[in-house]
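What follows is a single structure, written as structure tokens, with notes after it.
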Amino acid sequence: MPTPVISPREADVLALLGEHLSNAEIAARLFISVRTVESHTSALLRKLALPDRRALSRRAVELARAERPRPAPALPAPLTAFVGRERERAALAALLADHRQVTAVGPGGVGKTRLALAVAAGAADGFADGVWFVDLAPVAGPDRVAAAVAAVLGVGEQPGQGLDEAVCAALAERRALLVLDNCEQVRDGVAPFLERLLAACPQVRVLATSRARLLVPFERVFPVPPLSRDGGGTSEAVALFVERATAAAGAAPDPALRDGIAAVCERLDGMALAIELAAARWPTLGLDGLRAGLSDQLRILAGGPRADERHRSVRAVLDWSHDLLEPADRALLRRVSAFVLPFTAGAAVAVAGFAPLDPGAVADGLGRLAEQSLLTVVPSAHGTRYRAQETIRQYGAELLDGAGESARARGRHLDWCLSGADGLARAADKERQLREGDWQAGFDALAEELRTALAWAAERPERRPDARRLALGLAGLAFDRHLLGEAQQRLEQAAALASALADGSSTDAVDATDAADAADALREAARVAGCRRLGDDMYRLHRAAAAAALDAGDPAGAARDLATAATVAHRFSSTFARLPAAAEVTALLARARELADGSATASAALALAEAAVLADAYGSVQGSPDNTARETVGYAERAVDLARRAGDPVAESAALDALSGAHSWAGEPFAAAAAARRRVELLALAPRTPATAHEQVDALAMAAATAIGVGELDRARQWGRRLAGHPLTAEVGHHATSWLLVADAFAGQEEDVLAGGARFLEAWEQGGRPRSFSLGPAAAAVAMVHGLRGDDGARASWLAVAGRAGTEEEHRHGYGAVFDATVLLDRGEAGAALERISPAPEEVWKWVSWVWLHWYAAVRVEASVLSGHPEARERLAEARAAVAGNPVAAAQLDRAQALLDGDPARVRASSAAFAEAGSRYQSARSLRLADAAGGG
């Protein structure tokens, strides 16, 4: 039977049928008439021989799934052919098919990586969500395992989560294969990471390579044997030798020499690396030279366990290859072992180019080492780079120690890293100013080198000043690269290094300086923790900064830190895993008062803490019910005034946040919106630091929310888009788009809501499905739009998301009542709408203040009017005073008044008021209500 021909327009219709859209929705999406959609649907039913629309939708989903390109295997492409190993490939593939975690185990140089790559490539079709390769050899420590995996997967950090949790969330519902290479380097980090990953991600499988088993649940061990020597001259080992020797010499060895080659491979125990190194010498030594050179070395292998022999056979051929080098090339080989990533010739000169090695000879030396397979040439977009296979790099590191050059070579590597970090920082600054450049790629290419150099320097007292400098530099770069967890870690490391320097200093002046440096680093770490939504860490770090400030002889600084810690406990209470007791926070405030010296900055910090702790300006769960709203406004206004006098925009922004909250509790939404707007304006020109970035994100969110609350929809959407595009929210699409979704929903921007909802949902699920005061309303807003479009299935799905993303009370009494009643009114179910939103605003004050008050009042009045409630007119009059100044809510009350007065012309006229206010949906609804009331 011939394949039916489907036109491009029919294909478009079919794809949208797969999204379960109605004919009207498809017509709107494709800018065609409903009748044309019906015609295409009938043609598709006929061409595909399907009985009904439901079957057509199922077929559309099937076709989309079949045509969706599979993720390409994220595997490195080896430069040489894979030889032999047919039995091992089949056996390892079968084991991987039956078990979720398989570790290929064997000594260095046996060929574990190449075997794993071959098996992974062969298994790729079975993993719809991709195959991912992670080389752990360059990873600086066990705590960096999750970061290495996240970098390969493209997973960013999520607020309130570590990278372990972010990776698990990203892979939770994926069918993927993760290949972890060189696990022995960081086995203590791999084991706990895999335990969490495999428990959280039931469809993920892991193929690891290691010199020792990982000792984790689910693990199945596959011992990788040496290459087979069975068959003599026709063995796998000989085949590998011949293939590599042919590549090196340009011609294959004489077949008559294969038995002699088999003898060499036997002496090398079939170890793949040893065979490749020997084959690289074939063009210059030939068979006789190889026999002579290897014989002396291999005599030392007699006795001992077989595994030890195999280790020694690789070492023996490395020793032999090393001894054949010129002295200068030997020095170069051992010195470049300081690099953990591919490096350029220029980098090699900077690190290895010291006597007796002539810096001018380094480039030629690199070429000779590559010719002998001791280095691999790695092409890149930024020029030729070189790298040593991990076994060779470790061998070179041992030679470096043995030659007594380790301190000098690694010190030069540290200096090179410091220079590189400074250059990256300048590039990042330039890119921020000119919006150009690609410093991030430079950072990614250098980051592991920086981490390795930092780990080395931190252990050596004489290099601790450089270590602290590098830790601070790496922290800044990591923050700019949106690696917030590492930025915080490096700042805490810098503080610890400064404290160690203070403890070891011989003068009080130096001791105080180092303690002050520690305090500064801890404060900055607290600000990064704020960007990560980790309240516990913010609180801990500010308290630690206070202790360091006291050590530095700075009681005023300690007072600021203690006051800030007290403020954090209230301002960011929702980001704590364990809130400190109220008595503990009050004690911090009292101690801050004792230490304060009356300076402007200390006074401002104390005033803000008093607004937070004593007056509950932020409305935290710890707040006392006894303070009055007007008292709270007074506390917040004093904090704003003192922060402004201190000339600190970050402190002033925090105080304005308190003032915005206080006005909200006082029933003054316009004043709350004005304070939030001042925050955005204040921070617009502030330099990008962790403190300002944290404030900017919070300020944009609050400005968008409060603008929604007073009906300034265009302004809310503007700020919502700025929040969605902020660099700090790049990896957290759910937080980034939450208020924009609400603003778009109220504005009637349905297509924008549906598109933004997809980003929101993906990010929310990837982030571990967190709860937040903004996430529930966002999901409920998307549900409302689906309800207005008549898609009850999608609406139910989004209401379920709203239930998990927010709290039940907020949805029942606050935003949920507004959104649900709006849908019911749209469907003509005014009685049900009134029942959903029946309590008076003052009865649900806690849930409708701030953002939802005006919307709640206006929708409640419309439901009262349309359902014929006897108090509709009284409710309308009461609401007018409450929403005065809100263009959308006021227009809704005007329309309700016209409906109550039976004046269809005024109902129709309200359409223009809604359009002017940016509410496309309500504008269109006015026209429908007018038509229904006979105003046509």
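Values below: every heavy atom of this structure, side chains too, minus hydrogens, waters and symmetry copies.
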Can you list every pair that meets salt bridge (Lys or Arg N to Asp or Glu O under 4.0 Å) and has a residue in [range], with sequence neighbours left out?
range            : answer
residues 440-455 : D444-R481, E448-R451, R451-E486
residues 396-409 : R315-E398, R334-E405, R335-E405
residues 233-260 : R244-E276

Would a 4.5 Å heavy-atom cut-off, applied to side chains only, mark [X] and [Y] as touching?
X    : Y    : value
L477 : L450 : yes
P253 : W282 : yes
L400 : R410 : yes
R85  : V224 : yes
V349 : T344 : no
Y386 : V377 : yes
E266 : S235 : no
S228 : R87  : yes

Would you give the length of the straight line joining atom [atom1] of [X] to atom [atom2] of [Y], rounded to the nearest 0.5 angstrom?
X    : Y    : atom1 : atom2 : answer
L207 : R220 : CG    : CZ    : 14.5 Å
C265 : M271 : SG    : CE    : 13.0 Å
D329 : L375 : CG    : CG    : 9.5 Å
R330 : L333 : CZ    : CG    : 10.5 Å
L268 : L277 : CG    : CG    : 9.0 Å
L318 : L399 : CG    : CG    : 9.0 Å

Which heavy atom in [X] sits nearest to a heavy atom in [Y], and how many Å separate them?
X    : Y    : answer
A348 : V362 : CB-CG1, 3.7 Å
V119 : R89  : CG2-O, 3.9 Å
L470 : L454 : CD2-N, 3.7 Å
N182 : T209 : N-OG1, 3.0 Å
A262 : V238 : CA-CG2, 3.5 Å
P142 : V186 : N-CG1, 3.8 Å

Would you check if the side chain of [X] reaches a backbone N or O of [Y] as a donor-acceptor pair within less than 3.5 Å?
X    : Y    : result
R100 : V204 : yes
E219 : R213 : no
R281 : L290 : no
R144 : V139 : no

Apply salt bridge (charged side-chain N to carboxylate O under 4.0 Å, His left out) to R385 and list each qualifying residue two or more places apart in sequence or on a separate chain.
-> none
Name all residues meeting the salt bridge (charged side-chain N to carboxylate O under 4.0 Å, His left out) criterion together with E765; count only those two or more places apart in sequence or in a different chain, and write none if there are none.
-> R769
Take L240 and F82 through the test side chain to side chain contact (heavy atoms under 4.5 Å, CB included) and record every step on the way to the result.
-> CA-CA 8 Å; L240 176 63; F82 184 76; over 6 Å; no
May I ask you to say whether E371 pairs ionically with R368, meaning some side-chain N is under 4.0 Å from a carboxylate O?
-> no
List the atom pairs, donor and acceptor, that lie under 3.5 Å between side-chain atoms in residues 105-113 and the rest of the protein, sequence neighbours left out.
| from | atom 1 | to | atom 2 | distance (Å) |
| --- | --- | --- | --- | --- |
| K112 | NZ | G106 | O | 3.1 |
| K112 | NZ | P107 | O | 3.0 |
| T113 | OG1 | D181 | OD1 | 2.8 |
| T113 | OG1 | D181 | OD2 | 3.0 |

Test side chain to side chain contact (heavy atoms under 4.5 Å, CB included) on L177 and F133 and set out the steps.
-> CA-CA 9 Å; L177 174 62; F133 178 85; over 6 Å; no
Which residues pass the ring pair (Phe, Tyr, Trp, His ring centres under 6.0 Å) test with W456, sequence neighbours left out?
-> none
Y395 meets the ring pair (Phe, Tyr, Trp, His ring centres under 6.0 Å) criterion, sequence neighbours left out, with none
side-chain hydrogen bond (donor to acceptor under 3.5 Å, both in side chains) between D129 and Q203: does it pass, once the steps are laid out?
-> CA-CA 10 Å; D129 295 305; Q203 297 187 84; over 6 Å; no
Just list the side-chain donor-acceptor pairs under 3.5 Å for residues 188-196, sequence neighbours left out, or say none.
| from | atom 1 | to | atom 2 | distance (Å) |
| --- | --- | --- | --- | --- |
| R196 | NE | D164 | OD2 | 2.9 |
| R196 | NH2 | D164 | OD2 | 2.1 |

Start with the C-alpha gap between V206 and L180, add the side-chain angles, then the distance that decides, and say whether side chain to side chain contact (heavy atoms under 4.5 Å, CB included) holds.
-> CA-CA 7 Å; V206 176; L180 301 182; 4.2 Å; yes
Residues forming a side-chain hydrogen bond (donor to acceptor under 3.5 Å, both in side chains) with D415, sequence neighbours excluded | R463
Provide the full list of ring pair (Phe, Tyr, Trp, His ring centres under 6.0 Å) pairs with a residue in residues 328-353, sequence neighbours left out, each pair given once.
-> F339-F343, F339-H413, F339-W416
Pairs in or reaching into residues 207-237: which pass ring pair (Phe, Tyr, Trp, His ring centres under 6.0 Å), with residues at least two apart or in two chains?
-> none
Yes or no on side chain to side chain contact (heavy atoms under 4.5 Å, CB included) for L153 and V134, after CA distance, side-chain angles and deciding distance?
-> CA-CA 9 Å; L153 293 175; V134 184; over 6 Å; no
